[in-house]
There are 2 protein chains.
Amino acid sequence: MAKDIDPDSMHCNCPVTTTLEILGGRWKPIILYCLQDGPVRFNALKRMIPGITQRMLTLSLRELESDGLILRHVREVVPPHVDYAMSPLGESLKPVLHAMSEWGAYYRTQTAPPQATSDAA
Amino acid sequence: MAKDIDPDSMHCNCPVTTTLEILGGRWKPIILYCLQDGPVRFNALKRMIPGITQRMLTLSLRELESDGLILRHVREVVPPHVDYAMSPLGESLKPVLHAMSEWGAYYRTQTAPPQATSDAA
DNA sequence: CCGCATCCTTACTGATACTG
DNA sequence: CAGTATCAGTAAGGATGCGG
């Protein structure tokens, strides 16, 4: 998803793809979701997202920061204290995240028949 | 993505991730975008999305169909005539696509260098 | 506590050629 | 026209260990 698209071979200017490029990947949306209620520390984030590895958390955080969606705040103390928070641009993404969340939930109700209707394919 | 997530290892029930799984990948959103105005034939789709290969178009279409977002209509004639259209579930995704599109466009205005027209629009 | 470096595996994507 | 099959390259994601 971090794939760089050459302007020369930019077949489609679809802004949806732009959005996908930014919050694509397995962990970005979850991280953003966790940050919605305020700043969170690195290890707290790791604890909130059980399956994530430190590597992926670090990489995702860096990309999110690089894309201007989150802010990284380092406090020079021992032990180190670093927390992450949404930037204004990140805040602007909230409605989108909300819409995607709503649809994802709706989708599940439409495709997850408890046990009846074997059209599970 | 075609990635299958085991319920047992489902670390996060974030519905946003569900949505991302469904329209993740390089071509899905573009295809959905092309289908928004009505049914389109296979080759027409291929023509509307210059960079896509037949393979990726076929695979993406199959996944979209499998996920219930689009409908495949085969007319048994020579030459073969197959067209794809949004299903009601696909239609329900339109607002989400629109929100993502809006944000993507907004994001570009926020990150586009003022001094140059580097946005390959 | 926070993060980086290395290596490895898998998944996604693409080019090309062939078929009903 | 609308696919399918095979092959291969790249990049995303993960495991583990070290450093500030």
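Values below: all heavy atoms of this structure, side chains included; hydrogens, waters and symmetry mates excluded. Below, read A as the first sequence line, B as the second, and so on, with proteins coming before strands; counting in each chain starts at 1.
Between A/Tyr84 and A/Arg72 the shortest heavy-atom distance is OH-NE, 3.3 Å. Of all heavy-atom pairs spanning B/Ser101 and A/Pro15, the tightest one is O-CB, 3.3 Å. Residues B/Arg108 and A/Cys14 come closest through the heavy atom pair NH2-O, 3.7 Å.
Rounded to whole Å, the distance from CD1 on B/Ile31 to P on C/dT13 is 11 Å. Between B/Lys46 atom NZ and C/dG14 atom P the separation is 14 Å, expressed in whole Å. Distance B/Arg75 CZ to D/dG3 P: 14 Å, rounded to the nearest Å. The CD-P distance, from B/Glu21 to D/dG13, rounds to 10 Å in whole Å. Rounded to whole Å, the distance from CD1 on B/Ile49 to C1' on C/dT13 is 15 Å. Rounded to an integer number of Å, the gap from CG of A/Leu57 to C1' of D/dA15 is 16 Å. Rounded to whole Å, the distance from CE on A/Met56 to P on D/dA11 is 15 Å. Here the P atom of nucleotide D/dG3 and the CD1 atom of B/Ile52 are 13 Å apart, to the nearest Å.
Looking at A/Leu45 and A/Leu61, their side chains come closer than 4.5 Å, going by heavy atoms from C-beta outward.
Within the 4.0 Å cut-off from OP1 or OP2 of C/dG14, at least one side-chain nitrogen or oxygen of B/Arg26 is found. OP1 or OP2 of C/dG14 lies within a sub-4.0 Å distance of a side-chain N or O belonging to B/Trp27.
Heavy atoms from other residues, nucleotides or ligands lying under 6.0 Å from OH of B/Tyr33 number 12 at most.
Inter-axis angle, ends of the helix from C/dC1-D/dG20 to C/dG20-D/dC1, five pairs per end, rounded to 10 degrees: 50°.
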Could you list, one pair per line, each protein nitrogen or oxygen that sits under 3.5 Å from a nitrogen or oxygen of nucleotides 1-5 of chain C, together with the distance?
residue : atom : partner : partner atom : Å
C/dC1   : O3'  : A/Arg41 : NH2          : 3.0
C/dC1   : O3'  : A/Pro80 : O            : 3.4
C/dC2   : OP1  : A/Arg41 : NE           : 3.1
C/dC2   : OP1  : A/Arg41 : NH2          : 3.2
C/dC2   : OP2  : A/Asn43 : N            : 2.9
C/dC2   : OP2  : A/Asn43 : OD1          : 3.1
C/dC2   : OP2  : A/Asn43 : ND2          : 3.0
C/dG3   : OP1  : A/Arg72 : NE           : 3.0
C/dG3   : OP1  : A/Arg72 : NH2          : 2.5
C/dG3   : OP1  : A/Tyr84 : OH           : 2.9
C/dG3   : OP2  : A/Tyr84 : OH           : 2.9
C/dG3   : O3'  : A/Arg62 : NH2          : 3.2
C/dC4   : OP1  : A/Arg62 : NE           : 2.9
C/dC4   : OP1  : A/Arg62 : NH2          : 2.6

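Panel note: side chain A/Ser60, backbone A/Met56; a donor-acceptor pair is recorded below 3.5 Å.
With A/Asn43 as the partner, the side chain to side chain contact (heavy atoms under 4.5 Å, CB included) test is satisfied by one option alone out of A/Arg47, A/Arg41, A/Lys46: A/Lys46.
B/Leu59 and B/Val74 fall within the same hydrophobic cluster, where Ile, Leu, Val, Met, Phe, Trp and Tyr residues are linked whenever their side-chain heavy atoms come under 4.5 Å apart, directly or through other members.
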Side-chain polar contacts of residues 85-100 of chain A - donor-acceptor pairs under 3.5 angstrom, sequence neighbours left out - could you list them?
residue : atom : partner  : partner atom : Å
A/Ser87 : OG   : A/Gly68  : O            : 2.6
A/Ser87 : OG   : A/Leu69  : O            : 3.0
A/Ser87 : OG   : A/Leu89  : N            : 3.3
A/Ser87 : OG   : A/Gly90  : N            : 3.1
A/Glu91 : OE1  : A/Lys94  : NZ           : 3.2
A/Ser92 : OG   : A/Leu89  : O            : 2.5
A/Ser92 : OG   : B/Trp103 : NE1          : 2.9
A/Lys94 : NZ   : A/Gln36  : O            : 3.3

